[in-house]
Every structure is written in C-alpha cells, then in structure tokens.
Amino acid sequence: NAFGQAAQRARAGGFDAVELLVGAGYLLNRFLSPISNKREDEYGGSLENRMRIIMEAITAIKKAAGEDFPIGVRLNVEEQMPGGHTLEESKVVARILEGAGVRFINVYTGWHESPIPTVAPSLPKGAFAHLAGAMKTVVKVPVIASNRINDAFTGEKIVASGQADLVGMGRALLADPALPLKSREGRLKEITPCLACSNCLSSLMSSSYRKEGQPLGVVCAVNPGLGQEGQDLLQKTERPKKVFIVGAGPAGLEAAWTAAFRGHQVTLFEKADQPGGWLRVACLPPHKEELRTLMDHLFDRVQKADAEILLNREVRAEDLKKIPPDVLILACGADPLIPPIPGVDSAPVVSALDVLQGRKTVQGNVIIIGGGLVGCETGEFLLEKVPGVVSVTILEMLDKMAVNLSPSYRPFLLSRLRQMGIRMETKTRVERITEKGVEVVRNGEAEFIPGDSVILALGLKEDPAMIDSFQGVAPEIYSIGDCIKPRMIKEAMEEGFAVGIKI
C-alpha cells in the first residue's frame, strides 16, 4: 500500500513513470533472493512466493496511480553473491513482470555487500551490458543497461550493439548533469568526467565518512556545486578584479575557471611545463586513467573561460610586489614527505613519485613505506607494469591501509592487492633502512623485513613558510588545496570552486 501511495504522489507531482527497485539488496530484493528470504509462509520458498510482495506492490501502484501510469522494475538479474539467484532465474522473473504489465526492465547487478565491485574504476566500462542483452532475449518491453556506464561513447556502443534499448546513468550525472545535452551537441571536452571513485555512495552509506555535524547528503569529488543547483552560484561579477592564481593543480584550475567565468581577469601561474599538479602522477597507476581525462577537462575549461595561463613560471612573493593583483589565490600544492629515518638517503631508497613517472626503476623484492592511497596504488603499479619486480610489501604505521580512500571502494582495492600477492603490514613503524631491507617494530616487536629496493610513499607535506611569504602582497589572499593540508581531489575542487564564487 505504501508503494501505491508513493506512486500516486509521484504522478500528482508531475512524474511520467515510476520504477520499482528490486536490487542492491534492498527490501524487495531481499524478498526475491534465496539468500535472505528464509520465510516459511506464502512470501517465502518458491519463486512465486518470493515474488509475491513485488506483484502485490505492482497491483497497489496500478490501483493508486492508475492503470495507465507506467511502471518499470530495476531488477537485480545477477546478485554477485554466493547462493544468490541466477541470470537464468531472472529471465523467468522478467517474463512474469512483463506479463504483469511492467513497461520496462532496468537491469541491475549486485548487492552493496557483494564481494565483486559493480561501479569501481577497475571494471571495464559497460562491464555488465551483457546482462541486459540476456534480458532482451526473453522480453519485448524496453530493456535498460546500467552499472559502470559513465560516458556517451560507452552508452552509444551498448545501444548500437543491440544489447539494450536504453542506458541508465546515475553517478555520471552527479558529476555533470548536462552530460546528455553536451554529448548531443558534440561538446565532449566540456563534460566533467565521473571518476567512479564512489565518493557519492560513501557519502550516503557511511556515517564514518561524514565529518561531525555534516548533514547527510550526496557529494561528488568533481562537482562541488552538486546539491546547490537552485542557487545562481556562477553569477557574473559587478566588480571585475585582477586575480593571480599560483599553481595549476585541480584546486588552482577550478578556481581559475570559476573566477574567469564570472568575469574576473585571471592569470594562472604554473612552475611546471604542464598543468595538472598531482593529477599528472595520480593518473599513472592502473585503473586511474580517468584522472587524465579530468585534467584535460579542467585545463580546457580554464582556456574557454579566457583565463591567461603561464607555464614554466615559478612565482615568488617579491615578483608580485612589482605588479600586485587585487586577489591572490595560492594553490601551490605540497611536496613529498621525506621522514628522518636512518638510511633514508641510501642508494636503494626512491620516491613513489619517481617510480610512477619512470624516473627511477626498482626490481626484485620491493618494500613500500606508507600504506595510504599512493602506497597501495604504487604496489599495484609495480606488479602490473614494472618488469623484474618479484614481490611487494607495504608497511603502514596505522591500523588500517588506505584510510584516506572512499570506504565504498577501499575494500575492493585491498582485496585486489591481496589477490595479487602483495603483503600488507599495519601497525608497523620503520626504524632503519639498510641495503638489505628495513628494520621495523611491528605490533610492538622488532623485526627485519628483507628487500632489494625501498619506495617512500608517506604522503605530502605543506610548506607554511612559503604561504607566509606572500602575506601583504595583495588586498585579498586565499590559500586552497594541498598547500593548506594535503588531502584528496574532492577537497581541492571544493575549495577552488568556493574561492572562485566568493571573490
């Protein structure tokens, strides 16, 4: 009855159809699934009984919202769970739903608890389109393919191949709600790419991911305006200012386009010969190629907003005293942290940055000091892309690996590393680095871990003195991104956008 009442409200509110969710391990999925449905009454046991509540919900929707109001079903056709219902059983379910008057089948896969990822960047795009293709062989109503479809090329390929009649996108439209319009108009470079990072899912599903006092809501790593669409955040300024931005990483690029789009006169200074900052390194590990797309997109957006971009231009405070701007935005990033560990300057020690960029090579048994995101991804990079690496051991002082990673994606990354044979040790403090390995204290006990090469992946460190050196050179000065405190892309984008709409 509650489903019927909800559908009635949806129709009254102007919606053209409703979709019944029988997926992700939610209520109706748990009735349908033999994993979770252990009932012994008329709602459990046979497939007919397990489907009973779904069929009753459809009847209730028709009664409350009208027989002519279209109903679709988002159906978990393969649960990706041991003992779950199979694709073949789902074909039977789909035929029954079609017979009950369901107008379309939206093909879904997996539970939130599934050991197999369904939206992670490690999955090929369109990885589950074949499930929609299987459904099309048994029903005549339109079939929608979904999961890991986040760009127009993937969607077009699926429809053109005949695997589905339509494609469904969710996360990609959080990253850029205008994706369909931009695709249709051929403005593909203007699409903000979804990274499949699962920040959006984590923000909804994990209370531990939210900061204290932060309201429950969906967030996106690359779209800081998400949830604020009703506000005119990018309104043109009435007082254009001369704005200098130091650093063309994600924070600086986001601030540059936002300020320039609003009408400010923006000059962006970057000491390297390319924009992107740490994105140029972050896109190098396996499955992170989408970050290069993001980097290109941000740079393209800055250019289209008519901001001036000066590469190979390192800026010091004394340079600006001669030509002071109205606003100075410091987005100069942070540098790799080099700890004062005895032996850190010895021959077998290199940085993760140098290894990922190909400036230094390692081989044999490799030890990575630092089990954050960079350390974990460097380990995967070594075993997939570096010949001569025999084994990888990652050492982390904290009690968890990759604590800075989205909790919805973190388990899949760590599972992948374990399957590759990577040894991961937590609560391990490195005491000394030698030519033959590292001396550590692990769980309170001294131990020696042998290795041929040592990689430092201990994160980044900001430089407050450098920030302080710019004080007084402009009426307005802001610091954003890693130069405040090293964090993730999400924070860089948020702070760049916030300062761009503030000035």
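Computed from heavy atoms alone, side chains included, the values below leave out hydrogens, waters and symmetry copies.
The existence of a salt bridge linking K182 and E185 is excluded, since no basic side-chain nitrogen approaches an acidic carboxylate oxygen closer than 4.0 Å.
A donor-acceptor pair is defined here as one N or O able to donate and one able to accept, closer than 3.5 Å; such a pair exists between the side chain of N29 and the backbone of A24. Of the possible polar contacts, one joining the S114 side chain to the E79 backbone as a donor-acceptor pair under 3.5 Å is found. Although no hydrogens or angles enter the test, the distance criterion places no donor-acceptor pair under 3.5 Å between the side chain of R39 and the main chain of G44. A donor-acceptor contact shorter than 3.5 Å links the side chain of K38 to the backbone of P34. Side-chain atoms of N37 come within 3.5 Å of backbone N or O of Y43 as a donor-acceptor pair. Remark: the backbone N or O of G110 is paired with a side-chain donor or acceptor of N76 at under 3.5 angstrom. At least one donor-acceptor pair closer than 3.5 Å links the side chain of R50 to the backbone N or O of G45. Looking only at distances, no side-chain donor or acceptor of N106 sits under 3.5 Å from a matching main-chain atom of R74. Not one N or O on the side chain of E445 forms a donor-acceptor pair closer than 3.5 Å with the backbone of N443. Side-chain atoms of T428 come within 3.5 Å of backbone N or O of T426 as a donor-acceptor pair.
Going from atom CD1 of I329 over to atom SG of C483 covers 11.0 Å, rounded to the nearest 0.5 Å. The line from OG1 of T434 to CD1 of I449 is 11.0 Å long, rounded to the nearest 0.5 Å. With rounding to the nearest 0.5 angstrom, the NE2 atom of H85 is 10.0 Å from the CG atom of L87. With values rounded to the nearest 0.5 angstrom, F381 atom CZ is found 9.0 Å from I455 atom CD1. Taken to the nearest 0.5 Å, the OG atom of S351 stands 12.0 Å off from the CD1 atom of I369. Here CG of L353 is found 9.5 Å from OG1 of T378. Values are rounded to the nearest 0.5 Å.
Pairs engaging residues 395-411 under the salt bridge (Lys or Arg N to Asp or Glu O under 4.0 Å) rule: none recorded [sequence neighbours left out]. For residues 355-378, the set of pairs meeting the salt bridge (Lys or Arg N to Asp or Glu O under 4.0 Å) definition, not counting sequence neighbours, comprises K288-E377, D354-R359. Sequence neighbours left out, the pairs with a member in residues 413-424 that pass side chain to side chain donor-acceptor pair (under 3.5 Å) are S122-R416, E380-R416, Y409-R416, S415-Q419, R423-E425, R423-E447. The side chain to side chain donor-acceptor pair (under 3.5 Å) analysis of residues 385-394, with sequence neighbours excluded, yields the pairs N365-S391.
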Checklist entry - Step by step, would you call N147 with L123 a side-chain contact (heavy atoms from CB on, under 4.5 Å)? => result CA-CA 10 Å; N147 291 80; L123 285 166; over 6 Å; no

Item to check | side-chain contact (heavy atoms from CB on, under 4.5 Å) evaluation trace for N199 with S203 | outcome: CA-CA 6 Å; N199 267 289; S203 64; over 6 Å; no

Checklist entry - Taking it one step at a time, do D452 and K436 satisfy salt bridge (charged side-chain N to carboxylate O under 4.0 Å, His left out)? => result CA-CA 6 Å; D452 302 301; K436 295 184 178 180; over 6 Å; no

Item to check | Derivation of the side-chain contact (heavy atoms from CB on, under 4.5 Å) call for L413 and L417 | outcome: CA-CA 6 Å; L413 171 63; L417 298 185; 4.3 Å; yes

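Side-chain atoms of T86 and E88 include no donor-acceptor pair closer than 3.5 Å. No side-chain donor from either of S406 and S198 sits under 3.5 Å from a side-chain acceptor of the other.
L456 is listed as a side-chain neighbour of V349, based on a closest heavy-atom distance under 4.5 Å. Contact of the E78 side chain with the S90 side chain is not registered, since no non-hydrogen atoms from C-beta on lie closer than 4.5 Å. Counting heavy atoms from C-beta on, the side chains of I116 and F412 never come closer than 4.5 Å. A heavy-atom distance below 4.5 Å is found between the side chains of I489 and L294. At least one side-chain heavy atom of Q163 sits less than 4.5 Å from a side-chain heavy atom of H130. For the pair L20 and I54, the minimum side-chain heavy-atom distance is below 4.5 Å. Taking 4.5 Å as the limit, some side-chain heavy atom of V355 sits within range of a side-chain heavy atom of L382. By the 4.5 Å heavy-atom criterion applied to side chains, M51 and L32 are counted as neighbours.
Across all non-hydrogen atoms, the minimal contact from L174 to P177 is O-CD, 4.2 Å. For I158 against G126, the heavy-atom pair with the smallest separation is CD1-CA, 4.1 Å. Between V18 and F104 the shortest heavy-atom distance is O-CZ, 4.3 Å. Closest heavy-atom contact between G379 and V392: CA-CG1, 4.0 Å. Nearest heavy atoms, F128 versus S146: CB-O, 4.3 Å. For the residue pair L268 and G247, the shortest heavy atom distance occurs at CD1-O, 3.4 Å.
Surrounding CD of E156 are at most 12 heavy atoms belonging to other residues, nucleotides or ligands under 6.0 Å away. Heavy atoms of other residues, nucleotides or ligands lying less than 6.0 angstrom from NZ of K91 number more than 12. More than 12 heavy atoms of other residues, nucleotides or ligands shown are found within 6.0 angstrom of CD on E289.
Remark: E384 pairs with no residue by the salt bridge (charged side-chain N to carboxylate O under 4.0 Å, His left out) rule, at least two apart or across chains. Considering only residues two or more places apart in sequence or on other chains, R301 meets the salt bridge (charged side-chain N to carboxylate O under 4.0 Å, His left out) condition with E254. Partners of K125 under the side chain to side chain contact (heavy atoms under 4.5 Å, CB included) rule, at least two apart in sequence or in another chain, are R148, N150, D151, T154, E290. Applying the side-chain hydrogen bond (donor to acceptor under 3.5 Å, both in side chains) criterion to T109, with sequence neighbours excluded, gives Q80. When the side-chain hydrogen bond (donor to acceptor under 3.5 Å, both in side chains) test is applied to Q274, no partner is found at least two apart in sequence or on another chain. Applying the salt bridge (charged side-chain N to carboxylate O under 4.0 Å, His left out) test to E495 and every residue at least two apart in sequence or in another chain returns R487. Partners of D296 by salt bridge (charged side-chain N to carboxylate O under 4.0 Å, His left out), not counting sequence neighbours: none found.
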Show every donor-acceptor pair shorter than 3.5 Å between a side-chain atom in residues 188-197 and any protein atom, with sequence neighbours excluded, or say none if there are none.
unit_1: E190; atom_1: OE1; unit_2: R187; atom_2: NH1; d: 2.6
unit_1: T192; atom_1: OG1; unit_2: H297; atom_2: NE2; d: 3.0

